[in-house]
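Right, one structure below, let's go through it.
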Amino acid sequence: MILISEIFGPTVQGEGSLLGVPTVFVRTGGCDFRCSWCDTLYAVEPRFKSQWQSMSAGAIMRQVQELSGGVPLLITLSGGNPALQPLAALLELGQGMGYRFAIETQGSKVQTWFGQLDYLTLSPKPPSSGMRFVPELLQQCLQAAGSQTQVQLKLVIADEQDYQWARELARQYPDVPVCLQPCNLQAATPQEPERETDLEQLNASYRWLVERVGQDRWFDVRVLPQLHVLVWNNARGV
Ligand code: SF4
């Protein structure tokens, strides 16, 4: 059984190299991290467990089929940390129906079924998150993905220290595509679910990041905003 926080869509992927691709989100419940700027605490903190549902692969696919009108599309597995869940059966069932799967995980937990995925987005957390980065685990995640899964590194950047960390990480993995994303430091929280982020501040962070990669002549990178935040601000379920 798989612990689910929410299933919603269709919408479009708002982050990383699949930006703008129509998708249904399957958000799992539970995370082994607690990042300082997490924007999905309702899928992280154990106190929200009563809102999560334990679902079978079949029940999840029935809900996805209903949302997509039975038309196969990209399913984005997010969290929390979806790599904590037993997802092999879901991948097999969904792919048998023609759906494709992308997962977003911080790379702290390695699963053999990473090799079954269509897309694996690894998002190791930078210093500003307050979490510890373990390079060996990232390496193991990349190995588990094998050659059939398209892999990318998506790195959230809040400040210069994060940027330097990302630059060094990218140097270590020259063959893995890298996306940089400015950090939303004013995400909604369980205490303030209606909190609005400062879009002008986010745009300024984006412009700074573009200038920064330009100064370093770092040209084999993509700098992308969080599209859904620009369009819907901190709204949930989009
Ligand atoms: S890893 Fe992701 S879901 Fe988990 S606490 Fe950090 S930002 Fe939130």
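Predicted, not measured: the structure shown is a model, and the values here were computed from it. Order of appearance sets the numbers: ligands from 1, and atoms from 1 within every ligand. Scope of the values below: all heavy atoms of this structure, side chains included, with no hydrogens, waters or symmetry mates.
Formation of a donor-acceptor pair under 3.5 Å by the Asn81 side chain with backbone atoms of Thr105 is not found in this model.
The count of protein N, O or S atoms under 2.8 Å from atom 6 (Fe) of ligand 1 stands at 1, with waters excluded from the count.
Contact check for Trp113 versus Phe101: no side-chain heavy atoms found under the 4.5 Å cut-off.
Near Gly80, with a cut-off below 4.0 Å to any heavy atom, the atoms of ligand 1 are 3 (S). Near Thr40, meaning under 4.0 Å from any of its heavy atoms, are these atoms of ligand 1: 3 (S).
When each of Lys154, Glu15, Gln152 is checked for a side chain to side chain donor-acceptor pair (under 3.5 Å) with Thr121, only Gln152 meets the rule.
Between Asp216 and Arg167 there is a salt bridge, with a side-chain nitrogen of the basic residue lying less than 4.0 Å from a carboxylate oxygen of the acidic one.
Closest heavy-atom contact between Lys125 and Ser129: CB-OG, 3.3 Å.
Linking ILVMFWY residues whenever their side-chain heavy atoms come closer than 4.5 Å, directly or via other members, places Ile4 and Leu93 in the same cluster.
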Just distance, no hydrogens or angles: give the donor-acceptor pairs under 3.5 Å from side chains in residues 230-237, sequence neighbours left out.
| from | atom 1 | to | atom 2 | distance (Å) |
| --- | --- | --- | --- | --- |
| Asn233 | OD1 | Thr197 | N | 2.8 |
| Asn233 | ND2 | Thr197 | O | 3.4 |
| Asn234 | OD1 | Asn184 | ND2 | 3.0 |
| Asn234 | ND2 | Gln186 | O | 2.8 |
| Asn234 | ND2 | Arg195 | O | 2.9 |
| Arg236 | NE | Glu6 | OE1 | 3.1 |
| Arg236 | NH2 | Glu6 | OE1 | 3.3 |

